Structure formats: C-alpha cells, structure tokens
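Written out below as structure tokens is the structure these notes cover.
As a basis for the values below, the full set of heavy atoms in this structure was taken, side chains included, without hydrogen atoms, waters or symmetry mates. Since the structure is predicted, the reported quantities are computational estimates derived from the model, not experimental observations.
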Amino acid sequence: MRTSPQQRLREWIATPAYPWITGGAVTAGAVVELIAIPGGVTTTVGVLVSAASLMWRRSFPPVAVLTVAAGLIGFAGDVNLYVSIMVSGLAGCYALGRNRVVHPALAVAGGALGALCVNLVHINTWSRMDLPVPALWEKGSLSLFAESFLLTVVVFGAVMMGDAVRSREETRTERSLAQDRLIAMERQHAAEAERAAIARELHDIVSHSVSMIAVQAESATYTTPGLTPEARDGFQQIAGTARSSMAELRRLLGVLRTPQGDTALTAPQPTLDHLAELVDQHRAVGGTAELRITGERVALPAAWELSAYRIAQEALTNARKHAPGARTVVEVDYGTDRLLTLRVRDDGPGTGAAAGSGTASRPGTGTGHGLTGMRERAALVGGRLTAGAGPDGGFLVEAELPWGSG
C-alpha cells in the first residue's frame, strides 16, 4: 500500500534518529551564526547549550528546561537575537508542553518570568549604550517591556501547541483502546451466543436419539417374545436411564434458553439435503449462486450435517453483505476418505471489502462475528475452517469436516 508524504513524514518524526538529526542541524546553524556574528562568552555558551540540548529532548524530556533557560540567557547576553536561539527556544517550549515536564501553566509562568528578566537586562544594556531610555513609571516607559510581552506570547503559544498535541494523542490512544476492548467484548459475546445456539441444536439432535432409545427399549419388553425377567428388567433399566439422561439434558440447557421462554424449538434441523433450498433463497434476494456436489451422497451424523449447513448459510450471508451482486459458488465434496469438504467462494472484492457487524467479516477488518461462529461449528466436529482471499480473487471459505476414522 502506497503511503502519502504526510504519513512518511510522521513515520520519520517518530524514529529515534529524528531529535538527533534536527538537534545537530540547529547546533551546526548556531556555530555558523556565531562565526558570522561573534558574541560574548555568555551568549556563545547559551546559544550552543540551547541548540545542542535539543538532541536529548526525546530521550530525556526534562532537558527542555535547560534548552529554554540557556536560550534566554544567551539572548540576555547580547541584544542580537540569533535565529538558532529562536528555533531552539520554540522547540524547547514545545517539548515542555508535549511531554508535560511541568504543568503548562507553570511552564508559561516560568517563561514569562525569564522573559521579564531578559527584558530588564536589555533595558540596563540600552541605558549603558547611551540610548534614550525613559525612567520606570515615566510616560512611555511601558513600551520598554514590549519585548517581555512578545516573548511571553511566543512561550505561551509553543507550550500550548505541545500540550494540545499531547492531549490529542492521548485521546486517540484512549479511543483506540476502548474500541479494541469493545471489539473483544463483541467477539466474546458472539462466540458465547454461537456456542449457546450450537448447544441448543445438539440438544435437539441428542434428545431425539435418546428418546428413540427409551421408546425402543421400553417397546422391546412387550414386542420381543420369550424375554426372561432379567432381560425385561435390563430393557426397563435402559429406558429409565435414557429418560434420566433426557431430564439431565433439559436441566443443563436451562441456562441457554431463549428469551421467548422455555418452549423448545420443534422445527427439524436442516441437513445437507437443504442446501439447494438455501441457494434458492440466496438467489431470491438478488444474489447469483450455484451449487456443485461431487462424490456420492453419504448420510452423515446429524451434528456434521447441521454444522456444514450452518457454515454454508453464514458464508452466503457474508457474500450478500460484503459482495452484493457477486457470483457465488457452493461446492460440496463428500470425498472418499470420510472427509467432507465444503467451499463457498465469490468473485467480489475479497479482503478489500468493508466489514459490518453481525456477519462474517473479510480478514483484517476485525469487526465481524460470522467467522467466529463458523470456526466454532467446524471445531465442534473436529474439523477446521479457513477464510481469506481466493486463488482467483474474491473471497473463499473452506471447511474440512472429518466424520470417520476410515
């Protein structure tokens, strides 16, 4: 993915080398200025210390106090304002606000006090240079403090800018963390809801089988001639155990009941024989779909049939949501080694599609719940599921569900 110049600039600024390069450049500029316009010892030391200290402003943020103080001292030592002092002073004030070395109000107050001290030193210097300097509290004397006012405004602006950038980044980080927590909670709730749905469906499957055992065992005591009393008691025990198992199943499922009440779902669970109807439903809502079946139809255990059907159903829902109008192919391969392979692929935009909530998302979007449910269903029967970009483009969901030991 091509990055913009602004993004590349942000990435470069974030590198550890950035403060060293910029601090070194300002220091080199200060040396050139001092050679061109020599200053006194105080000015020279203040200019060089203020510029050089910028190289440590990220690794040791409190050094920004030294940067600003040295800059003010260097400016106080000479009436000339070096460009390097302006740059290092602004960068130091920005670093004070950006890293919250001290409270912004304290940083501005300190800068204002330093600016006043520099201004007083300059007033004394002007008087010694025989410049017309009015006495304090005389008319026009307030104009002497314009310098300190201007410096205070500059300090205030730089500190506030750094503090604003810091606050914005903190807000962005908190928002990102909150979003990550929300997505994690949604995924957890989706997984729990999917497991609850699987548990209810398995209850229907198992309860049907166990009830048949109970009925057949109880009927055998009346329909099988020549049973001994021991055999008759054995059949009755089988029937009683089956009924007890049914009651235990209902108690365990109590925590997973739907909000509509305790009425169990009585509709038959779908199987692979219903895939044609599922594809027809997909076409009825505007989709384009094709069903391909290879291998000899095998009657699989109910859990395998239901899991495969639900995976195909969710994959078609995903295709309708993220690739509307795309051509979808549902492939079922019964194979020869007791491995059922199910593939649902479309020719839509693939992984570039935007994801929504509640259905399978394209990989990388991180907000969909359908993939979680499909993987849960595949793992339930000992299988695996993969989802991602197809070999010919589009999006591919592939499930391998082993249903026997061979």
Side-chain angles (χ1 to χ4, degrees), residues 190 194 197-198 200-202 204-205 265 267-336 338-351 353-363 368-381 383-403:
E194 194 67 33
I198 292 172
R200 284 191 291 269
E201 292 170 350
L202 284 179
D204 294 340
I205 296 171
L265 298 177
Q269 297 295 343
T271 66
L272 290 174
D273 292 331
H274 297 85
L275 280 181
E277 299 177 9
L278 185 63
V279 171
D280 290 338
Q281 294 172 6
H282 182 78
R283 296 194 191 103
V285 294
T288 303
E290 178 184 356
L291 176 62
R292 299 176 184 175
I293 299 177
T294 56
E296 183 179 355
R297 174 71 166 100
V298 179
L300 304 178
W304 274 255
E305 297 263 352
L306 179 60
S307 294
Y309 178 89
R310 294 302 188 198
I311 290 172
Q313 184 182 43
E314 186 60 48
L316 287 173
T317 303
N318 181 40
R320 284 197 301 272
K321 185 171 185 63
H322 301 297
R327 181 173 178 271
T328 307
V329 178
V330 180
E331 300 178 357
V332 180
D333 183 6
Y334 290 99
T336 57
R338 295 180 179 268
L339 177 67
L340 174 69
T341 303
L342 174 68
R343 300 183 188 89
V344 181
R345 54 185 173 87
D346 61 61
D347 57 0
T351 57
S357 61
T359 60
S361 68
R362 303 305 194 184
H369 300 148
L371 289 180
T372 301
M374 287 191 285
R375 289 193 178 98
E376 290 281 346
R377 290 187 178 277
L380 175 69
V381 295
R384 66 183 186 89
L385 183 138
T386 58
D392 300 323
F395 195 77
L396 172 65
V397 174
E398 182 175 12
E400 294 182 349
L401 310 178
W403 54 275

Legend entry - Full working for side-chain contact (heavy atoms from CB on, under 4.5 Å) between Arg327 and Asp346: CA-CA 5 Å; Arg327 181 173 178 271; Asp346 61 61; over 6 Å; no
Ignoring hydrogens and geometry, is there a side-chain-to-backbone donor-acceptor pair from [X] to [Y] under 3.5 Å?
X: Trp304; Y: Pro402; answer: yes
X: His322; Y: Ala319; answer: no
X: Glu305; Y: Leu300; answer: yes

Side chains of [X] and [Y]: does their closest heavy-atom pair fall under 4.5 Å?
X: Gln313; Y: Pro270; value: no
X: Thr294; Y: Val332; value: no
X: Arg343; Y: Val330; value: no

What's the shortest heavy-atom distance between [X] and [Y], and which atoms?
X: Ala312; Y: Leu278; result: C-CD2, 4.0 Å
X: Leu340; Y: Tyr334; result: CD1-CD2, 3.9 Å
X: Ser307; Y: Leu380; result: OG-CD2, 4.2 Å

Legend entry - Salt-bridge present (Asp273, Arg297; N to O < 4.0 Å):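 Yes, charged N to carboxylate O under 4.0 Å.
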Legend entry - Ionic contact status for Arg375 with Glu398, cut-off 4.0 Å: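 No.
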Legend entry - Identified side chain to side chain contact (heavy atoms under 4.5 Å, CB included) partner of Ile311 from the options Leu342, Leu306, Leu316: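 That would be Leu342.
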Inset, instruction - Look up atom OG1 in Thr317 and atom CZ in Arg310, then write down how far apart they are to the nearest 0.5 Å. - result: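 Here the interatomic distance stands at 10.5 Å.
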Legend entry - Point-to-point distance, once rounded to the nearest 0.5 Å, from CG of Leu272 to CD1 of Ile293: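 Here the interatomic distance stands at 8.0 Å.
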Legend entry - Derivation of the side-chain contact (heavy atoms from CB on, under 4.5 Å) call for Arg292 and Val329: CA-CA 7 Å; Arg292 299 176 184 175; Val329 178; 3.8 Å; yes
Legend entry - Which residues share a salt bridge (charged side-chain N to carboxylate O under 4.0 Å, His left out) with Arg345, sequence neighbours left out: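 Result, salt bridge (charged side-chain N to carboxylate O under 4.0 Å, His left out) vs Arg345: Glu331.
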Throw together a table of side-chain donor-acceptor distances under 3.5 angstrom for residues 383-394, partners on residues two or more places apart or in other chains.
| residue | atom | partner | partner atom | Å |
| --- | --- | --- | --- | --- |
| Arg384 | NE | Glu400 | OE1 | 3.3 |
| Arg384 | NH2 | Glu400 | OE1 | 3.3 |

Inset, instruction - Mind jotting down which residue pairs meet the side chain to side chain donor-acceptor pair (under 3.5 Å) criterion with at least one end in residues 278-289? Sequence neighbours excluded, please. - result: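 Non-adjacent pairs meeting side chain to side chain donor-acceptor pair (under 3.5 Å): Asp280-Arg283, His282-Arg320.
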Inset, instruction - Assess whether side-chain contact (heavy atoms from CB on, under 4.5 Å) is satisfied between Asp347 and Phe395, documenting all intermediate values. - result: CA-CA 7 Å; Asp347 57 0; Phe395 195 77; over 6 Å; no
Inset, instruction - Please lay out, stage by stage, how Tyr309 and Thr271 fare under the test side-chain contact (heavy atoms from CB on, under 4.5 Å). - result: CA-CA 6 Å; Tyr309 178 89; Thr271 66; over 6 Å; no
